[in-house]
Colleague: 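Please see the structure below; I have some questions.
Everything numeric here is computed off the predicted structure, so don't read it as measured data. Chain identifiers are assigned alphabetically (A, B, ...) following the order of the sequence lines, protein sequences preceding nucleic acid strands; residue numbering begins at 1 within each chain. Atom set for the values below is all heavy atoms of this structure, side chains included, hydrogens, waters and symmetry mates excluded.
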Amino acid sequence: MSKKILLIDGNSLAFRAFYAMYQQLDRMVTPEGLHTNALVAFNNFIESIVLPMQPDMALVAWDARSGKETFRGDLYPEYKSGRDKTPAEFKEQFPYLHEMVEAHGLHNYEQVGLEADDIIGTLSRVGQAAGDQVIIITGDADLTQLVTDDITVKLTKKGVTQVEVYTPDFIMEQYGITPAQIIDKKALTGDTSDNYPGVTKIGEKTALKLLKQYHDLENLYAHVDEMKPSKMKEHLIEDKDIAFRAQKLATIITDAKLPIGLTDIEYHGPKEKGLVSLFEKLHFKQALNKLRANSLFDDNGEAAEEAETKQGNFTEVKELTADVLKQLVKEKSLAFHIDTTGPNYHTADMFAFALGNDKVGYYGSRDFTLFDNEDLRQIIESEDIALQLFNAKEHWVLCHRLGLNLAGADFDFLLVAYLLDTVGNDNVLSTLAGRFGRYLANDEEIYGKGAKFAIPEDDKVLIDHIGHKAQTIFDLRDQAFADLDEHEQGHLYNDIELPLSFVLAKMEAQGFTVKEDRLAKMGQEMDEQIANLKTEIYQMAGEEFNINSTKQLGTLLFDKMGLPVIKKTKTGYSTAVEVLEKLAPQAPIVEHILAYRQLAKLKSTYVDGLLAVVDPADHKVHTRFLQTLTQTGRLSSVDPNLQNIPMRTEAGRKIRHAFVPAHEGWEIFGADYSQIELRVLASITGDPAMEHAFVEDEDIHAETARKVFGLPDDAPVDAEQRRTAKAVNFGIVYGISDYGLSKNLNIPRKDAKNFIETYFKEFPRIHQWMGQIKEQAHKDGYVETIEHRRRYLPDINAKNFNTRSFAERTAMNSPIQGSAADIIKIAMIKVSRAIEEKGMQANMLVQVHDELVFECPKEELEELRETVTKVMDSAVKLAIPLKVESHAGPTWYEAK
DNA sequence: CTTCTCACG
DNA sequence: ACGTACGTGAGAAGG
């Protein structure tokens, strides 16, 4: 019977693998310092291309490691010379490539005196002779000369997981020649990568033309005298020897003497133990998890053993009943978890929950009427039963919907994992558990995703899964808390993030009232203006097109109207605001397009977008503040995003008229920190000049202007100077670069550089701190805020200048932005407590990074203003005073 | 599902 | 020489 024989060109694929993931080189390093980019890509290649083929025989051929003494070297000493030296980061991965091949159940082979091509060439002919089907995978187009009806070559196209299939028909279609003629094509053109020449001035196009006419090299030279006189003819005659030598060099050996045969390369599938040990060595966490997930269902001996130990992580999950709850209510500590049908826990359906601990075991249920059970209510509401959770904020809201007040939260795995390491935090229990070496099935595997989402009918599947979640949370508690201690983050977790999560939960549940009719009316007015603008734009353009399409707009402005291209994007012309503003003086249509853009944005995002998420039951929007997303410690807000409601332009700011208090006779009150990031910077660095400016409550941008423009202390500063200084201050906070500043201010880079140098001279401690924080990042691999919030910077020692520079700017910016985030978080907790203690009715509604928004009865306004200002002012003790400004009014529009 | 643009701090 | 300002989320296009 015909067998499937797979022959892989190891060197060319490994080489491709290395460069396919070259961008990742610096970030893919094991703790031992081994680069793994080629290994990762090669593993992907085997898993996605090789395994699905299920070959009967499989071999990976390598060029012999010792020297290149092949016949080709004898024939032409320059063969393959002049190549760049193999990078050390690639070389060190070679031994593991061989081990990986073995572990996947493939065979390695190399032989002195032969190249990988020759081994593949020879074995492919052996296979063909035996009547088998041969598949060759390579990144080297040379091998296509081996193609026949029984031998297919798959050539990697992009990276290593996309291939193009070469058959005789395909080659004929592509080049108009047969596979055998590929050798003669190379005889004529030579090969720059293998460093041997062909006939002078003959490239691919000419070679193909000649081969179509004369079929092969021998015949061509037999008739070369009959050719019309031409430069090409002269070159052909001149370089005849070179051509025949190139022909020999290009010819892959198909009859080498090999001590191995087909029976030596039989494929019997991957060797699980080998893979596990290799992946552990290489710290391939994803690959390991995948392996473990699959082995649970695998029934071959070796894998089953593996599965047992993995399943041993979990105890049996039982059905939760009222009797069980009688037992559970006596426990001091319980893991608790609810699953919902979607990420928006304000609206998603709850379909299963679990409770348990290591002593009494784990219990799951789909029956939410159990939440009427007194024992369960006590478990959730009692301060005395410590709850172990994944996302405490979500569970507070879910319990709130069930009419319960969640209390006694002890461990929030999501929050702790985020504090330990913000990088690669996908907010999914199973992946975070993986970070702690604990396997758990993905929700996606159990429930599916998107349209395929379905709650399993089988209790065994559903109840087991949710029970295992509870167990995972419970089991990881001690380890996670120990890590937290090691990071000195106990205070950050216990006194800031965990209490904050309940402050946020209440804000979310409270919601912000939106006057839908006001919004709708604004929408109508906008629609009219949009329609008018559209007509004018079409008229000016002389045609109708989709103004929202950057592609169509680009065609109009740059191709049809011939306006100068200011900036390009990856895919075409940029039509961003800064580009259009530069074009506006040259073409009146541009102003209209800008106006259209602004209105279209406001209408779709803020009018239609907001109306779509207003809860019809209470006319409020209930955002979710994501507490474990940003890399700096800030919050983010989704569904809707209440942190980017327009403010900077009057037209946009009007949207805020629609945000109103929940009750008649109430007001909206906003309080914001003035210049908090610069104050934090002044405080951390202890810079005397900056400190002085803040202590004296000077205009900081004007003060900076005097410094960078060398003006006397009390000299007046004009608007332009202040604007420039403001941009410099922003730049400082972002981790300044002359390039960035020059772009922002639209000034020559040299001038920007001057500003920065002067700035650093005038604020020497800031300069000093910038150097120090970078150094610390290089040494430790992370930076910290005033509350020990940590941000890891895996790219800080990258070889690539850009990658490294980005990490360095981040090192400067994160402690500043993050410390400001720490401060307002502390303030939020204290404000919330103060409101409660004073028995005030006010509600905190939104946080916008340096600003808090409240609603309160009019009579309470002054007390609230006093309380909030005082608490925010004194939230933390800094060397620099914090300053709070506040505004109030009937809507959010006035409260800023 | 990615890219571009634009809203906020 | 390199070619970047820091942190977010949402909507519309277009493949």
Colleague: Just jot down the side-chain contact (heavy atoms from CB on, under 4.5 Å) partners of A/Thr569, sequence neighbours excluded, or say none.
Modeller: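 In terms of side-chain contact (heavy atoms from CB on, under 4.5 Å), with neighbours along the sequence ignored, A/Thr569 is linked to A/Thr571, A/Ser574.
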
Colleague: What pairs with A/Met561 under side-chain contact (heavy atoms from CB on, under 4.5 Å), at least two apart in sequence or on another chain?
Modeller: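 For A/Met561 the side-chain contact (heavy atoms from CB on, under 4.5 Å) partners, ignoring immediate neighbours, are A/Leu556, A/Leu557, A/Leu563, A/Ala587, A/Ile589.
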
Colleague: For a quick check of understanding: with a heavy-atom distance under 4.0 Å over all strands, which category does A/Gly609 fall into, base, sugar-phosphate or nothing?
Modeller: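 Sugar-phosphate only.
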
Colleague: Quick one, A/Gln631 with A/Ser814, criterion side chain to side chain donor-acceptor pair (under 3.5 Å). Give me CA distance, side-chain angles, the key distance, then yes/no.
Modeller: CA-CA 8 Å; A/Gln631 300 301 302; A/Ser814 290; over 6 Å; no

Colleague: Need one value for A/Tyr739: base, sugar-phosphate or nothing, where a base atom within 4.0 Å counts as base even if backbone is also close, heavy atoms only.
Modeller: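 Base contact - A/Tyr739 has a heavy atom under 4.0 Å of at least one base atom.
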
Colleague: My understanding is that only residues two or more places apart in sequence, or in another chain, count here; which of them pass side-chain contact (heavy atoms from CB on, under 4.5 Å) with A/Arg790?
Modeller: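 For A/Arg790 the side-chain contact (heavy atoms from CB on, under 4.5 Å) partners, ignoring immediate neighbours, are A/His487, A/Gln489, A/Tyr782, A/Glu784, A/Tyr792.
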
Colleague: For C/dC2 versus B/dA7, give the span between their C1' atoms, rounded off to a whole number of Å.
Modeller: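 Those two atoms are separated by 32 Å.
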
Colleague: When we call it a touch if two heavy atoms are under 4.0 Å apart, what does A/Val848 touch: a base, just sugar-phosphate, or nothing?
Modeller: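 Counting heavy atoms under 4.0 Å across all strands, the contact made by A/Val848 is with sugar-phosphate only.
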
Colleague: Reckon A/Ala820 touches a base, only the sugar-phosphate, or nothing at all at heavy-atom distances under 4.0 Å?
Modeller: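 No contact.
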
Colleague: How would DNA chain C look in dot-bracket form, 5' to 3', counting Watson-Crick and G-U wobble pairs with both distances under 3.5 Å and writing | for bases paired to another strand?
Modeller: .....|||||||||.

Colleague: Would you find more than 12 non-hydrogen atoms of other residues, nucleotides or ligands less than 6.0 Å from A/Lys620 atom NZ?
Modeller: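 Yes, NZ of A/Lys620 has more than 12 neighbouring heavy atoms, counting only those of other groups under 6.0 Å.
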
Colleague: I'd like the 5' and 3' limits of the part of DNA chain B contacted by chain A, with heavy-atom contacts below 4.0 Å.
Modeller: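 Endpoints of the contacted stretch of DNA chain B: B/dT3 to B/dG9.
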
Colleague: Under the salt bridge (Lys or Arg N to Asp or Glu O under 4.0 Å) criterion, do A/Arg723 and A/Glu720 qualify, and how do the steps go?
Modeller: CA-CA 5 Å; A/Arg723 195 180 67 87; A/Glu720 180 61 20; 3.3 Å; yes

Colleague: Under a 4.0 Å threshold between the charged nitrogen and the carboxylate oxygen, would A/Arg722 count as salt-bridged to A/Asp699?
Modeller: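 Between A/Arg722 and A/Asp699 there is a salt bridge, with a charged N closer than 4.0 Å to a carboxylate O.
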
Colleague: Using the P atoms only, state how far C/dA5 lies from B/dC4, rounded to an integer number of Å.
Modeller: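 The same atom, P, in both gives a distance of 13 Å.
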
Colleague: Kindly write out the residues that satisfy ring-ring contact (aromatic ring centres under 6.0 Å, His included) with A/Phe453, not counting sequence neighbours, or none if the list is empty.
Modeller: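 Result, ring-ring contact (aromatic ring centres under 6.0 Å, His included) vs A/Phe453: A/Tyr447.
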
Colleague: Please round to the nearest 0.5 Å and tell me the distance separating atom CG of A/Asp751 and atom CG of A/Leu741.
Modeller: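 Separation between the atoms: 9.5 Å.
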
Colleague: My understanding is that only one of A/Glu394, A/Lys393, A/Arg624 makes a side chain to side chain donor-acceptor pair (under 3.5 Å) with A/Tyr345; could you say which?
Modeller: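 Passing option: A/Lys393.
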
Colleague: For the aromatic rings, using the six-membered ring if either is Trp, is the centroid distance between A/Phe755 and A/Phe709 under 6.0 Å?
Modeller: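 Ring centres of A/Phe709 and A/Phe755 closer than 6.0 Å.
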
Colleague: Indicate, with a heavy-atom threshold strictly under 4.0 Å, whether A/Ser737 touches base, sugar-phosphate, or nothing.
Modeller: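 Base: the residue A/Ser737, judged by heavy atoms under 4.0 Å, touches a nucleobase.
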
Colleague: Among side-chain atoms of A/Gln529 and A/Asn532, is any donor-acceptor pair under 3.5 angstrom?
Modeller: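 On atom types as modelled, these side chains do not qualify, holding no pair under 3.5 Å.
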
Colleague: Testing the 3.5 Å rule here: is there a donor-acceptor pair between the side chains of A/Glu808 and A/Ser805?
Modeller: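 Absent: no donor and acceptor within the cut-off.
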
Colleague: Mind checking the P distance from C/dA1 to B/dC6? Whole angstroms is fine.
Modeller: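 Nearest-Å result for C/dA1 against B/dC6 at atom P: 34 Å.
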
Colleague: Restricting to side chain to side chain donor-acceptor pair (under 3.5 Å), what partner residues turn up for A/Asn427, sequence neighbours left out?
Modeller: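 Applying side chain to side chain donor-acceptor pair (under 3.5 Å) to A/Asn427 gives A/Thr628.
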
Colleague: Tell me which residues in residues 544-552 of chain A lie within less than 4.0 Å of DNA chain C, going by non-hydrogen atoms.
Modeller: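 The stretch gives A/Asn546, A/Asn548, A/Ser549, A/Lys551, A/Gln552 as the residues lying under 4.0 Å from the strand, ordered by number.
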
Colleague: Which parts of residues 592-607 of chain A get close to DNA chain B, meaning a heavy atom less than 4.0 angstrom away?
Modeller: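 Within this stretch, A/Arg597, A/Gln598, A/Lys601, A/Tyr606 sit under 4.0 Å of the strand.
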
Colleague: What are the 5'-most and 3'-most nucleotides of DNA chain C lying under 4.0 Å from any heavy atom of chain A?
Modeller: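 Counting from the 5' end, contacts occupy C/dC2 to C/dG15.
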
Colleague: Which part of the nucleic acid, if any, lies within reach of A/Arg653 when heavy atoms closer than 4.0 Å are counted: base, sugar-phosphate only, or nothing?
Modeller: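 Touches nothing.
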
Colleague: Taking side-chain contact (heavy atoms from CB on, under 4.5 Å) as the definition, give me every residue that meets it alongside A/Glu775, ordered by chain and number, with sequence neighbours left out.
Modeller: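 Testing A/Glu775 for side-chain contact (heavy atoms from CB on, under 4.5 Å), a comparison that skips the adjacent residues, returns none.
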
Colleague: With A/Trp892 as reference, evaluate A/Phe854, A/Phe659, A/Phe669 under the ring-ring contact (aromatic ring centres under 6.0 Å, His included) test and give the passing residue.
Modeller: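 Answer to the ring-ring contact (aromatic ring centres under 6.0 Å, His included) test with A/Trp892 among A/Phe854, A/Phe659, A/Phe669: A/Phe659.
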
Colleague: Is the closest side-chain donor-acceptor distance between A/Ser549 and A/Asn546 under 3.5 Å?
Modeller: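 Judged by distance alone, the side chains do not pair up.
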
Colleague: Return yes if a side-chain donor-acceptor contact under 3.5 Å exists between A/Glu508 and A/Thr623, otherwise no.
Modeller: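 Note: A/Glu508 and A/Thr623 side chains miss the donor-acceptor criterion.
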
Colleague: Contact list please: residues 622-644 of chain A against DNA chain B, heavy atoms, distance less than 4.0 Å, in numerical order.
Modeller: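 DNA chain B contact set from residues 622-644 of chain A: A/Arg634, A/Gln643, A/Asn644.
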
Colleague: Indicate, with a heavy-atom threshold strictly under 4.0 Å, whether A/Ser814 touches base, sugar-phosphate, or nothing.
Modeller: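 Touches nothing.
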
Colleague: Within 45 degrees of the ring normal and closer than 6.0 Å to the centroid, is that where the cationic atom of A/Arg653 sits relative to A/Tyr893?
Modeller: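 So A/Arg653 does make the cation-pi contact.
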
